[in-house]
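Read through the structure below, which is laid out as structure tokens, and then see the notes.
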Amino acid sequence: MSWRHPIRTVRNRGSLRSLSRWLFLAVLGVAPWFYGGTTAWAIEFTTGMLGLVLVIWIASLLVDRRWPLVPRGLAVLVGLVLIHGWWMVINARAVYDGAFRFFVPVAPLVSSVAGSADYVLSFAFMLRVTALAGAILLVAEMVQRSPWLVRLWYSIAVSGGSIALLGIVQKASGAKMVFWQPPVWPPIGTFFGTFVYHGNAGAFLNLALPAIVGLTCWVIARNAHPLARALLAGIAVIVAVAIFSNTSRVAQAIGAALIIVLVATMARPFILRSWRLEGRTFFMVVAVVGIALFAVAQAARLDEPLGRWQQFSKHLQIDERWVANRAALSAIGDAGTLGFGPGVFRAIFPHYQQALANELHGTWRFLHDDYLQTLLEWGWVGSALLAGLFFGGLGVAIRSYLKADDWSTRQRFMLFGCVLGVVGVAIHAAVDFPLQILSIQLLVATYLGVCWGSSRWERSEVGGRRSEVGTDSQ
């Protein structure tokens with residue numbers, strides 16, 4: 001008669017699930033270091049690692065013989081988005097030849113139904129979309145366990161803080177390019193950290209800031225070790241300074257609004273408590289922090305972003321993004337209900353750019369308006385599905401937050417930070433292209449997973465160990 005120890009069996013069944021989650025946290029932490037996920041090799045590597053994470057997670061589900069513990073509405077929306085996108089790939093009508101700017105026709109599966117304008121671009125893009133959609137599902141299940149929610153939080157803090165610190169050091173040293181890249185000519189004055197474009201760097205930092213401030217407040221609330229409190233407070237200050245050291249005006253404006261909201265909500269109780277307990281010590285701390293901020297600000301070369309703000313009205317009048325939007329608007333009618341195909345903007349836009357050749361110059365990989373670009377690529381149907389996934393997650397999170405009665409402090413702070421970060425990037429996406437950058441997409445997918453998963457939190461604290469088959473390593 002064979003006998004197996006029940007605890008050992010349960011741990012073995014949970015090992016695959018834990019492995020997928022730890023690997024996901026590693027990918028989340030290192031993705032922005034690969035040039036923000038903007039180069040071809042960085043996109044392929046990060047997408048491949050996410051694919052490996054999902055394969056391991058799916059294997060754990062098969063071993064446990066269960067479905068993922070995610071909201072049904074999220075699963076339906078993810079399924080519909082993937083069906084729409086992959087149908088456009090399967091039913092592609094052409095392959096774009098970039099050298100000659102010519103579409104080579106291919107036979108569609110169903111000629112009477114729309115298909116992608118470029119099979120190759122849509123196929124590659126849908127691999128990324130599938131990996132990100134899987135990440136949303138994985139995170140929505142992962143955050144049902146409090147230890148994994150905290151681990152996710154710390155991963156975001158390390159990732160955001162390290163990129164912010166790198167950017168400040170680059171500013172202080174007068175670097176002409178990312179440290180491990182040789183200078184280029186003409187010089188790129190908009191890089192920050194590992195991001196070549198300052199707008200993307202600012203969007204990433206604005207996403208990380210609310211989570212980092214929330215983690216800092218939670219650590220202070222639970223009276224953690226003084227070193228942990230000091231370290232996290234330092235990271236929050238570094239990220240805040242990095243936002244204003246970066247030269248993206250839109251990111252600075254959004255970052256300032258986020259800081260005001262964070263101070264008025266999460267940080268306010270701790271400031272008042274510190275003031276009531278020991279006013280003299282509080283003033284000393286404020287003075288020390290102020291001096292440190294001044295020193296870091298001097299090193300961060302804040303004179304550069306201030307100079308850009310002085311030229312704001314002049315740049316606003318000559319900015320070509322508004323002309324590009326006019327060209328894109330002229331293409332909406334041709335995009336139709338299902339769009340030109342996921343990821344094909346760079347292939348179809350030059351043909352509409354020609355009509356404004358005297359006003360619009362250069363090669364446009366992305367439109368400086370994520371919503372308009374999404375409408376061109378995904379059509380009205382696909383855009384509605386993506387909007388449901390994005391803004392539906394926000395709605396679920398806000399509803400869960402307002403209805404929650406017995407949530408822990410960590411849940412409230414984490415969800416509030418996620419909502420604030422997603423709102424910030426949603427505003428930024430109206431005048432830039434942060435949602436086209438893989439490292440930002442991954443962080444947004446993570447936040448959406450937290451938002452959607454919050455609808456099940458009322459059961460996770462009490463029945464956390466019963467919410468999954470087996471148990472995870474703590």
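We're numbering straight along the sequence, starting at 1.
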For Tyr197 and Phe191, I'd like to know if the aromatic rings sit close, meaning centre-to-centre distance below 6.0 Å.
no

Sole residue of Thr130, Val27, Leu127, Leu23 in side chain to side chain contact (heavy atoms under 4.5 Å, CB included) with Leu50:
Val27

Is it the case that the side chain of Gln144 and the backbone of Gly453 share a donor-acceptor pair, with hydrogens and angles ignored and the cut-off at 3.5 Å?
yes

Applied to residues 42-54, the side-chain hydrogen bond (donor to acceptor under 3.5 Å, both in side chains) test, sequence neighbours excluded, yields none

Indicate whether any N or O donor in one side chain lies under 3.5 Å from an N or O acceptor in the other, for Trp33 and Ser162.
yes

Not counting sequence neighbours, which residues clear side-chain hydrogen bond (donor to acceptor under 3.5 Å, both in side chains) with Trp153? List them please.
none

Can you list the residues that meet the side chain to side chain contact (heavy atoms under 4.5 Å, CB included) rule with Ser159, with sequence neighbours excluded?
Pro32, Phe204

Starting from the C-alpha separation in whole Å, work towards a yes-or-no answer on ring-ring contact (aromatic ring centres under 6.0 Å, His included) for Phe345 and Phe366.
CA-CA 7 Å; Phe345 174 80; Phe366 310 107; 7.8 Å; no

Do we see a donor-acceptor contact under 3.5 Å between the side chains of Asn246 and Gln252?
no

Applying salt bridge (charged side-chain N to carboxylate O under 4.0 Å, His left out), which residue pairs with at least one partner in residues 326-342 are found, sequence neighbours left out?
Arg326-Glu359

Quick check: does any side chain N or O of Arg21 sit under 3.5 Å from a backbone N or O of Val53, one acting as donor and the other as acceptor?
no

If the condition is side-chain hydrogen bond (donor to acceptor under 3.5 Å, both in side chains), which residues does Asn91 pass it with, not counting sequence neighbours?
none

Over-ring placement of Arg151 relative to Trp148, 6.0 Å and 45° cut-offs
yes

N/O donor to acceptor pairs below 3.5 angstrom from side-chain atoms of residues 389-398, sequence neighbours left out:
none

What salt bridge (charged side-chain N to carboxylate O under 4.0 Å, His left out) pairs are there with at least one residue in residues 191-215, not counting sequence neighbours?
none

Any donor-acceptor N/O pair, Ser116 side chain to Val89 backbone, under 3.5 Å:
no

Is it true that Asp118 and Arg346 have a side-chain N and a carboxylate O under 4.0 angstrom from each other?
no

Could you list the residues that satisfy side-chain hydrogen bond (donor to acceptor under 3.5 Å, both in side chains) with His368, not counting sequence neighbours?
Asp432

Sorted by chain and residue number, the ring-ring contact (aromatic ring centres under 6.0 Å, His included) partners of Phe192 (sequence neighbours excluded) come out as none

Keeping to residues at least two apart or across chains, list the ring-ring contact (aromatic ring centres under 6.0 Å, His included) pairs with something in residues 101-124.
Trp86-Phe123, Tyr96-Phe103, Phe103-His351, Tyr119-Phe123

Is a side-chain N or O of Ser60 found less than 3.5 angstrom from the main chain of Trp57, in a donor-acceptor match?
yes

Using the test side chain to side chain contact (heavy atoms under 4.5 Å, CB included), find all partners of Asn325 that sit at least two apart in sequence or belong to another chain.
Trp322, Leu367, Asp369, Leu372

Got a donor-acceptor contact below 3.5 angstrom from the Trp457 side chain to the Val143 backbone?
yes

Do side-chain atoms of Glu141 reach the backbone of Pro68 as a donor and acceptor pair under 3.5 angstrom?
no

Test item: side-chain donor near acceptor, Arg365 and Gln436, under 3.5 Å:
no

Sequence neighbours excluded, which residues qualify as side-chain hydrogen bond (donor to acceptor under 3.5 Å, both in side chains) partners of Trp41?
Thr39

Say whether, by atom type as modelled, one donor and one acceptor occur between the side chain of Glu377 and the main chain of Gly341 under 3.5 angstrom.
no

